[in-house]
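Just below is one structure, and these are the notes that go with it.
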Amino acid sequence: MDDCLFCKLVAREIPTNIIYEDDDFFAFDDIEPECPIHTLVIPKKHYTNLQDDVPEELLGKLWKVVPEVAKLKGVYESGYRSVINTGPDSAATQPHLHVHILGGVKLGRFTFEGSQRLNGNAE
């Protein structure tokens, strides 16, 4: 995809801090980190999101790469969160399938806008 930021990173048109790379995947640090460790793992081939007919084999390999990147970032033992955002309500900002690896700090529970837990209505 010509105007995809992540495809431009893979093509080395834009510099980034490369953490991991193989024939199928590319990992780099997020430029607007939400945690001390915030690294993205993307397929080199462009897929918009999980609903973009991503081959099962590629998805399986993606989830094998995530722990390898967590090791490289030093959060494998302490723990990390891995997240894929899909669709308009997910807060996704880039239309290229990617996994966020978040860690380096003790993470709280996931919340969302209007969360019953945040509003004091949790059971």
Side-chain angles (χ1 to χ4, degrees):
M1 184 174 243
D2 292 339
D3 61 344
C4 174
L5 173 65
F6 290 177
C7 289
K8 289 179 180 181
L9 293 172
V10 170
R12 308 295 202 281
E13 294 174 20
I14 300 171
T16 191
N17 184 27
I18 301 168
I19 304 303
Y20 174 93
E21 184 174 15
D22 66 20
D23 291 341
D24 298 314
F25 297 99
F26 189 82
F28 55 95
D29 289 329
D30 195 299
I31 62 169
E32 294 180 348
E34 300 283 339
C35 289
I37 302 299
H38 189 165
T39 301
L40 305 177
V41 180
I42 67 171
K44 286 183 171 180
K45 181 176 178 190
H46 185 89
Y47 296 95
T48 301
N49 58 41
L50 280 175
Q51 299 169 346
D52 195 11
D53 201 26
V54 184
E56 184 178 330
E57 181 179 311
L58 188 75
L59 287 174
K61 186 173 179 190
L62 173 61
W63 289 112
K64 295 290 278 184
V65 168
V66 167
E68 293 304 314
V69 173
K71 286 177 188 174
L72 293 170
K73 294 302 293 184
V75 294
Y76 182 82
E77 295 294 330
S78 61
Y80 56 94
R81 181 172 290 152
S82 48
V83 177
I84 295 177
N85 295 314
T86 301
D89 285 349
S90 72
T93 59
Q94 292 298 318
H96 186 121
L97 176 63
H98 57 284
V99 175
H100 296 260
I101 298 173
L102 303 156
V105 66
K106 185 160 179 72
L107 298 168
R109 291 180 58 185
F110 246 1
T111 58
F112 56 91
E113 291 182 33
S115 168
Q116 291 183 359
R117 189 166 60 82
L118 287 178
N119 294 326
N121 299 326
E123 295 177 14

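- Contact record, G104 with P36: O-CG, 3.7 Å, taken as the closest heavy-atom pair.
- Smallest separation of non-hydrogen atoms from V75 and G103: CG1-C, 4.1 Å.
- Pairs passing the salt bridge (charged side-chain N to carboxylate O under 4.0 Å, His left out) check and including a residue from residues 30-41, sequence neighbours excluded, do not occur.
- Among residue pairs with one or both ends in residues 73-93, those qualifying as salt bridge (charged side-chain N to carboxylate O under 4.0 Å, His left out) are D29-K73; sequence neighbours excluded.
- Taking hydrophobic clusters as Ile, Leu, Val, Met, Phe, Trp and Tyr residues chained together by side-chain heavy-atom distances below 4.5 Å, V41 does not share a cluster with V83.
- In terms of heavy-atom proximity, H46 sits nearest to C7 at ND1-SG, 3.4 Å.
- Put simply, I37 and L102 are part of two different groups of oily side chains (I, L, V, M, F, W, Y) that touch within less than 4.5 Å, one to the next.
- Hydrophobic clustering places L72 together with V99 (ILVMFWY residues linked when any side-chain heavy atoms are closer than 4.5 Å, directly or through intermediates).
- Put simply, the side chain of H96 reaches to within 4.5 Å of the side chain of P43, judged on heavy atoms.
- Y47 is linked by a ring pair (Phe, Tyr, Trp, His ring centres under 6.0 Å) to nothing, counting only residues two or more places apart in sequence or in another chain.
- Residues meeting the ring pair (Phe, Tyr, Trp, His ring centres under 6.0 Å) test with H100, sequence neighbours left out: H38, H98.
- Atom OG of S78 and atom CG of L107 lie 9.0 Å apart (nearest 0.5 Å).
- Residue L50 holds its CG atom at 4.0 Å from OG1 of T86, rounded to the nearest 0.5 Å.
- Residues passing the side chain to side chain donor-acceptor pair (under 3.5 Å) test with N49, sequence neighbours excluded: none.
- Residues satisfying the side chain to side chain donor-acceptor pair (under 3.5 Å) criterion with E21, sequence neighbours excluded, are R12, K44.
- In terms of the side chain to side chain donor-acceptor pair (under 3.5 Å) criterion, residue partners of Y20 (sequence neighbours excluded) are, by chain and number, D22.
- Side-chain heavy-atom separations under 4.5 angstrom define the hydrophobic clusters, and the remaining members of the one that includes F26 are L5, F6, L9, V10, I14, I18, F28, L40, I42.
- Legend: residues meeting salt bridge (charged side-chain N to carboxylate O under 4.0 Å, His left out) with D52, ordered by chain and number and at least two apart, are absent.
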Would you tabulate the side-chain donor-acceptor contacts of residues 53-71 under 3.5 Å, counting partners in other chains and residues two or more places apart, or write 'none'?
residue: K61; atom: NZ; partner: D24; partner atom: OD2; Å: 2.9

